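Below is one structure, written out as structure tokens; comments come after it.
Lettering of chains follows the sequences in order, A, B, ..., and the numbering in each one begins at 1. Keep in mind that this is a model prediction, so the values were computed, not measured.
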Protein chains: 2
Amino acid sequence: MPKQYHCPVELAVDIIGGAWRPVILAHLKEGVHRYGELRRRMPGISEKMLIQRLRELEAEGLVARHDHKTVPPRVDYHLTDEGASLAPVLQALYDWGVGRAERTKTTIDWPVTDRRTAPKEGTPVAE
Amino acid sequence: MPKQYHCPVELAVDIIGGAWRPVILAHLKEGVHRYGELRRRMPGISEKMLIQRLRELEAEGLVARHDHKTVPPRVDYHLTDEGASLAPVLQALYDWGVGRAERTKTTIDWPVTDRRTAPKEGTPVAE
DNA sequence: CCGGGTACCTACCAAATGGTGCGTACTTGA
DNA sequence: TCAAGTACGCACCATTTGGTAGGTACCCGG
């Protein structure tokens, strides 16, 4: 028996709900595609969760997985058309998040893992 | 130490995430205000959950609770300005849900609890 | 040969989420 | 007097979600 929804929002939340799915989708929408890159952009998620969510999004037809079958492994994920149709939702969430952060004086700690700005091996990092 | 977010979407989802919060907010946005009415519109939620979520949304400043202090009890909830600022998010979720339902041939089982169409006491209901 | 990086998987455990059922207090209707 | 309806609160339990810590397999640099 397929799940019964009583409101379109219920259906939407059932598919893209949860703490991480929208964040993953938003990153993919912004052009982050590789698994490792997603990980670095989301320091709060565990590898297990990331993989699990990616698999679910794949199963729901929102993201497609592309394994280059090279070694070292290289896999990237991108939005399908169905996933891309979520753009308005993701954008709205993003925009609201920005506004809310300002209103509540919350800072966003961007983990900008850009190769050009990342610390070199020689750079001492406090630990 | 306040929670650290690494992306505005993370922040947004942390506040309005979960299975029920967006649905409640969407209903309030549409003009359903009384507690009992919300319940009837969301047959899948238990009373406990509904109250719990409403309390959380209240604490986050998204909804305001108004107790008429009459007997029998009459309480209604409405969006605050902060809650109303979520309109684009809720609308996007709603619209996507509608489209997704069509694409996946999922039907939405609206629990239209309208007094004019609701069964009268005399109406025998199979059980 | 050893560590690090890639992209995972598996088992085990803790916390959050959500459901059931019962109780409150008060009124109206049968 | 008793059930029903309003809007909850609370205790207990099951399910779900998520975290931690390991391991796989392969390559490259030192």
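- If you check every strand for non-hydrogen atoms under 4.0 Å, A/Arg34 touches sugar and phosphate atoms only.
- A side chain to side chain contact (heavy atoms under 4.5 Å, CB included) with A/Val13 is found for exactly one of A/Ile16, A/Leu11, A/Val9, namely A/Val9.
- Considering only side-chain N and O atoms, A/Arg39 lies nowhere under 4.0 angstrom from the phosphate OP1 or OP2 of C/dA7.
- Shown here is B/Asp81, whose CG atom has no more than 12 heavy atoms of other residues, nucleotides or ligands within 6.0 Å.
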query = side chain to side chain contact (heavy atoms under 4.5 Å, CB included) between B/Arg34 and B/Arg74: does it pass, once the steps are laid out?
reply = CA-CA 7 Å; B/Arg34 292 199 59 180; B/Arg74 179 191 172 94; 3.2 Å; yes
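- Residue A/Arg65 has no polar side-chain atom (N or O) positioned under 4.0 Å from OP1 or OP2 of C/dA7.
- The residue A/Gly17 sits apart from the nucleic acid: no heavy atom pair falls under 4.0 Å.
- Between B/Glu56 atom CD and C/dT17 atom P the separation is 7 Å, expressed in whole Å.
- When heavy atoms are screened at a 4.0 angstrom cut-off, A/Glu47 is found touching base atoms of the nucleic acid.
- Distances shown here put a side-chain N or O of A/Tyr77 below 4.0 Å from the OP1 or OP2 atom of C/dC8.
- For the OP1/OP2 pair of C/dT17 and a distance below 4.0 Å, the side-chain nitrogens and oxygens of B/Arg53 include no atom meeting the criterion.
- Annotation for B/Trp96 and A/Ser85: closest pair NE1-OG, 2.8 Å, computed over non-hydrogen atoms.
- A sub-4.0 Å separation between OP1 or OP2 of C/dA7 and a side-chain N or O of A/Arg40 is absent.
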